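Okay, so here's the structure we're looking at.
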Amino acid sequence: MSKPPRCDLHCHSTVSDGVLTPAELMRRAAGNGADVIALTDHDDLAGLAEARTEASTHGLQFINGVEISVSWEGITLHVVGLGVAPEHPALVEGLAGIRAGRHERARRIAHALAEIGFDGAWEAVLRYARNPSVISRTHFARFLVERRAVSDTRAVFERYLTRGNPGYVAHQWASLAEAVGWIVASGGVAVMAHPARYRLSHAAMLRMLGDFRACGGTAIEVVSGEASADAARDLVRLARRLGFAASCGSDFHAPDESPVDVGRVAGLPAGVEAVWEGLERF
Ligand code: AMP
Ligand code: MN
Ligand code: MN
Ligand code: MN
């Protein structure tokens, strides 16, 4: 049997909250030994063409991707779309709507931070965000680290940017049905990103994955940058039991922030169906 390809199906460029341009990211992935890569910026497809061109010069197989922000039962979920068609009207319009909401939310976050004494957040995040239509909490985290509010981006989230903290603002993203619907309509496969990150009870996890499947979702990310090998084993069991295909991705954002480098994510454990085997435009 031939060796399975080294796949990284989740990473971010300057089109969302990563720090490398799409081309720089592809060069790094190729240098790290990846065989297959998907660029999955938050709520935007603008990096795909540049990434695809650069990937091909390195013999790196490229898959169009996106990570869509979803509100479900009062929490935020991320759904990765793989193999999507970047010109599909429903997907393009749906993502434009999310980005408009994102912009509005970013203004409110800047205002909330000003109220607790951090002036200049808006100007700073516009500087950090190379794509002004995707301003993420990550950009605010970098601003707060620059202001020495806290030492690292993780601590910033815990102190300022998550629910119950002063820089958090509630926001309504797309519905699960909308996000999965756009992905599937455009020819893609919908993958539930980093399921362990949502801290759901077992019952809520089953309900969430049941809703996801009912909407057309067919895969879950069992290996993710920061998650442990134990978490991956649990998710493999869940994927097998519920009949989901499995994906793996580094969720790489930046060399000095991300625990796993792009293209260096662990492979899938044995016994699950790999999501890339079902992707037509591999
Ligand atoms: P947003 O989509 O604007 O709410 O930002 C979410 C992004 O913030 C995620 O994609 C991660 O890149 C980052 N993020 C969320 N939670 C954390 C955390 N606890 N530590 C570090 N980064 C985080
Ligand atoms: Mn991110
Ligand atoms: Mn995510
Ligand atoms: Mn991500």
Side-chain angles (χ1 to χ4, degrees), residues 8-20 25 37-44 47 65-72 74-82 95 98-110 112-113 121-122 125-126 128-129 131-145 149-165 167-174 176 179 190-199 208 220-227 247-262 265:
D8 187 343
L9 305 183
H10 187 158
C11 59
H12 297 271
S13 77
T14 46
V15 165
S16 63
D17 53 357
V19 301
L20 303 181
L25 188 66
I37 188 109
L39 175 64
T40 56
D41 276 309
H42 297 286
D43 308 317
D44 205 329
V66 64
E67 181 174 21
I68 305 184
S69 311
V70 162
S71 294
W72 176 84
I75 65 167
T76 299
L77 304 175
H78 286 171
V79 177
V80 163
L82 296 176
L95 295 179
I98 298 183
R99 291 196 299 273
R102 216 177 233 294
H103 203 80
E104 223 15 74
R105 180 188 74 144
R107 281 198 168 279
R108 289 194 287 138
I109 294 175
L113 290 175
W122 181 251
V125 294
L126 282 179
Y128 282 119
N131 173 8
S133 68
V134 182
I135 300 172
S136 142
R137 281 182 296 160
T138 308
H139 299 115
F140 285 99
R142 291 178 188 143
F143 159 72
L144 289 166
V145 170
V150 251
S151 57
D152 64 85
T153 51
R154 177 156 305 277
V156 170
F157 273 88
E158 278 160 23
R159 188 143 5 134
Y160 292 102
L161 298 173
T162 45
R163 194 193 296 265
N165 292 307
Y168 179 81
V169 305
H171 186 69
Q172 192 69 31
W173 302 103
L176 191 56
V191 184
M192 183 54 62
H194 42 62
R197 189 100 75 76
Y198 311 127
R199 303 189 185 290
M208 186 275 279
I220 66 180
E221 200 173 70
V222 305
V223 178
S224 171
E226 61 179 33
S247 186
C248 59
S250 61
D251 207 358
F252 177 82
H253 286 73
D256 50 357
E257 288 174 17
S258 301
V260 175
D261 206 338
V262 65
V265 66

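First listed ligand is number 1; within each ligand, the first listed atom is number 1. Everything numeric here is computed off the predicted structure, so don't read it as measured data.
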### Message
I'd like to know whether V80 forms a side chain to side chain contact (heavy atoms under 4.5 Å, CB included) with S247, so could you lay out the CA-CA distance, the side-chain angles of the two residues, the decisive distance to 0.1 Å, and finally the verdict.
### Response
CA-CA 10 Å; V80 163; S247 186; over 6 Å; no

### Query
Could you walk me through whether L9 and V265 pass the side chain to side chain contact (heavy atoms under 4.5 Å, CB included) check?
CA-CA 9 Å; L9 305 183; V265 66; over 6 Å; no

### Stepwise salt bridge (charged side-chain N to carboxylate O under 4.0 Å, His left out) check, E221 with R197
CA-CA 11 Å; E221 200 173 70; R197 189 100 75 76; over 6 Å; no

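The angle subtended at the Mn ion (ligand 4) by OD1 of D251 and NE2 of H12 is 90°, given to the nearest 10°. Here E67 contributes OE1 and H10 contributes NE2, and at the Mn ion (ligand 4) these two atoms make an angle of 90°, given to 10°.
Any N or O atom pair closer than 3.5 Å counts here, and S69 shares no such pair with ligand 1. Where the criterion is an N or O separation shorter than 3.5 Å, residue side chain and backbone included, H78 fails it with respect to ligand 1.
When atom types are taken as modelled, the side chain of D41 and the backbone of D43 share no donor-acceptor pair closer than 3.5 angstrom. Side-chain atoms of N165 come within 3.5 Å of backbone N or O of E158 as a donor-acceptor pair.
Of all the atoms in ligand 1, the ones that sit under 4.0 Å from a non-hydrogen atom of H42 are 10 (O). Near D17, with a cut-off below 4.0 Å to any heavy atom, the atoms of ligand 1 are 7 (C), 10 (O), 12 (O). Applying the 4.0 Å criterion to heavy atoms of H253 picks out, from ligand 1, the atoms 10 (O), 12 (O). Taking a cut-off of under 4.0 Å to the non-hydrogen atoms of T138, the atoms of ligand 1 that pass are 7 (C), 8 (O), 11 (C), 12 (O), 13 (C).
For atom 4 (O) of ligand 1, the closest non-hydrogen atom on the protein side is R137 NE, 2.8 Å. Taking atom 5 (O) of ligand 1 as the reference point, the nearest protein heavy-atom neighbour is S136 OG, 3.4 Å. Nearest protein heavy-atom contact of atom 19 (N) of ligand 1 is F157 CB, 3.6 Å.
Using modelled atom types and a 3.5 Å distance limit, the side chains of H12 and E67 yield a donor-acceptor pair.
The nearest N, O or S atom of H78 is not closer to the Mn ion (ligand 4) than 2.8 Å.
With a 4.0 Å cut-off on non-hydrogen atoms, D251 does not touch ligand 1 at all.
The shell of residues lying under 4.0 angstrom from ligand 1, judged by heavy atoms, includes R105. Distances from ligand 1 to the non-hydrogen atoms of R102 include at least one value under 4.0 Å.
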